[in-house]
2 protein chains.
Amino acid sequence: MNASNSSPTDSGSGPARRRSGTTRDAILTAARERFATDGYERATIRAIAKDANIDPSMVMRYYGNKEGLFAAAVAVDLKLPDLGDLPRQEVGRALVTHFLAMWEQNEVLTALLRVGATNQDGAERMQGIFREEVVPIVVRVCPDPEQVPARAGLCASQLLGLALTRYVLRFPPVVALAREEIVAWLAPTLQRYLTAPSP
Amino acid sequence: MNASNSSPTDSGSGPARRRSGTTRDAILTAARERFATDGYERATIRAIAKDANIDPSMVMRYYGNKEGLFAAAVAVDLKLPDLGDLPRQEVGRALVTHFLAMWEQNEVLTALLRVGATNQDGAERMQGIFREEVVPIVVRVCPDPEQVPARAGLCASQLLGLALTRYVLRFPPVVALAREEIVAWLAPTLQRYLTAPSP
DNA sequence: GACGAACGTCAACACTTGTTGGCCTACAGA
DNA sequence: TCTGTAGGCCAACAAGTGTTGACGTTCGTC
């Protein structure tokens, strides 16, 4: 179905089109918000459409179906910066800092985590991000390739655990922590997972 | 399976009831399984009833409504043992060990985490467990009452992050870790969150 | 044996969901 | 000017949801 193509890349160029990208972006923004707060199932297309002030059928025309909408809403790469030139002992701190900035920048990652908890596709997407963003960093710091997956997994467990308790479950003490406090506490943990000799 | 009359499980009043607890327990078991794998919304009462080989209306009769069923399915206290008599330096290790045993014992906690990610009630229940099980342990180890919530929150972030990546998102490297490896890696982290001077 | 209560089933209700097709409107190019 | 195309809305569909009530069936107790 669909394959209606329309314009593939009209998000930025729209030479003489009608005013279209506006509502497309409105839909995406509303979708991200709903997915982030409600998860996949409870974020209904009707609610998203109402938030974007358009008809539910427009969502279908633009994004095919709900899965397509979700895929478009979370299609974003977090672009971790190149940490290759940092001293090895500072990678842990840089990782936490950037991770926090990413999560507080927009709601895409919260949506992704919330959906990943109940949706297989979401979980696999999360795995993909982990593999393409976290693992490469670990590779640079850890000389033994055999230990890379485990160390990366440990880092992910602490980072995602923080995101879970702070942005999803909203444990008050974790929400109350200042960003610098989080960095101060978590940086040594990650540094150890990255570079300490395997216990 | 007659169980004769000695089943004290039927929650209270009827001393000489009919054989009822059987299906009640079957429903609860099926519900835990479904909630753990599908989350709250996608775990339908019809599917749970089919798993338990009974009619959906029985679920309603026994547990009132879906919320009641969920509450009953996750109504379990994890009974962390008394760690008060342990040396302070070993509390971290004991915490991780027991946490792992709890999660692998049954699916209640996985269900709770999965639901908590998208359901407000589930999230609050998770907070309750955290407050009643984790915080008391931290209180015994940390002398400064003002630091207790933050330290407990940090512990929860690492522990729940491990559960998330291992039992919910199922990151392959984290799933592959042996239990002793997890203990070896996480125990120092928790120990530091518990007793190290605040950074 | 008779009675009543608990166990269990069936069919249906009211509602929400994702999804679809038809219709109207506005603008660009001829 | 006319026309085609895209933007947009409306009403409706089929499927699935939680939930309810009526009806039959079994068993303990009198």
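A note on names: the letters A, B, ... follow the listed sequences, proteins ahead of strands, and every chain is numbered from 1. Not measured: the values here are computed from a predicted model.
The nearest whole Å value for the distance from the CD1 atom in A:I27 to the C1' atom in D:dG8 is 11 Å. Following rounding to the nearest Å, A:F35 (CZ) and C:dG18 (C1') show an atom-to-atom distance of 12 Å. Atom NZ of A:K50 is separated from atom P of C:dT17 by 10 Å (rounded to the nearest Å). Rounded to whole Å, the distance from CZ on A:R46 to C1' on C:dC15 is 11 Å. B:Y63 places its OH atom 12 Å from the P atom of C:dG8, with the value rounded to the nearest Å. Summarising the geometry, the separation between CZ on A:R34 and P on C:dT17 is reported as 10 Å, rounded to the nearest angstrom. The CE-P distance, from B:M60 to D:dT20, rounds to 5 Å in whole Å. Summarising the geometry, the separation between CG on B:D38 and C1' on D:dG16 is reported as 15 Å, rounded to the nearest angstrom.
Comparing D:dG18, C:dC10, C:dC7 by their nearest atom to the side chain of B:D55 picks out C:dC10. In the set C:dT19, D:dT19, D:dG8, the nucleotide with an atom closest to the side chain of B:P56 is D:dT19. Distances from the side chain of B:N65 to the nucleotides D:dC9, D:dT19, C:dG18 place D:dT19 closest. Listed nucleotides: D:dT17, D:dG7, C:dG18. Nearest to the side chain of A:I45: C:dG18.
Residues A:T189 and B:R192 have side chains that bring a donor and an acceptor to within less than 3.5 angstrom of each other. A donor-acceptor pair shorter than 3.5 Å cannot be found between the side chains of B:E107 and B:Y167. A donor-acceptor pair shorter than 3.5 Å cannot be found between the side chains of A:T37 and A:E33.
Where B:R61 and A:K66 meet DNA chain C, the nucleotide closest to each residue was compared, and B:R61 sits on the side nearer the 5' end.
Below the 3.5 angstrom threshold, one finds a donor paired with an acceptor across the side chain of A:S57 and the base of D:dC10.
Distance OG/A:S157 to OH/A:Y193: 5.5 Å, rounded to 0.5 Å.
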Step-by-step salt bridge (charged side-chain N to carboxylate O under 4.0 Å, His left out) determination, A:E124 to A:R131: CA-CA 10 Å; A:E124 282 168 12; A:R131 216 175 310 127; over 6 Å; no
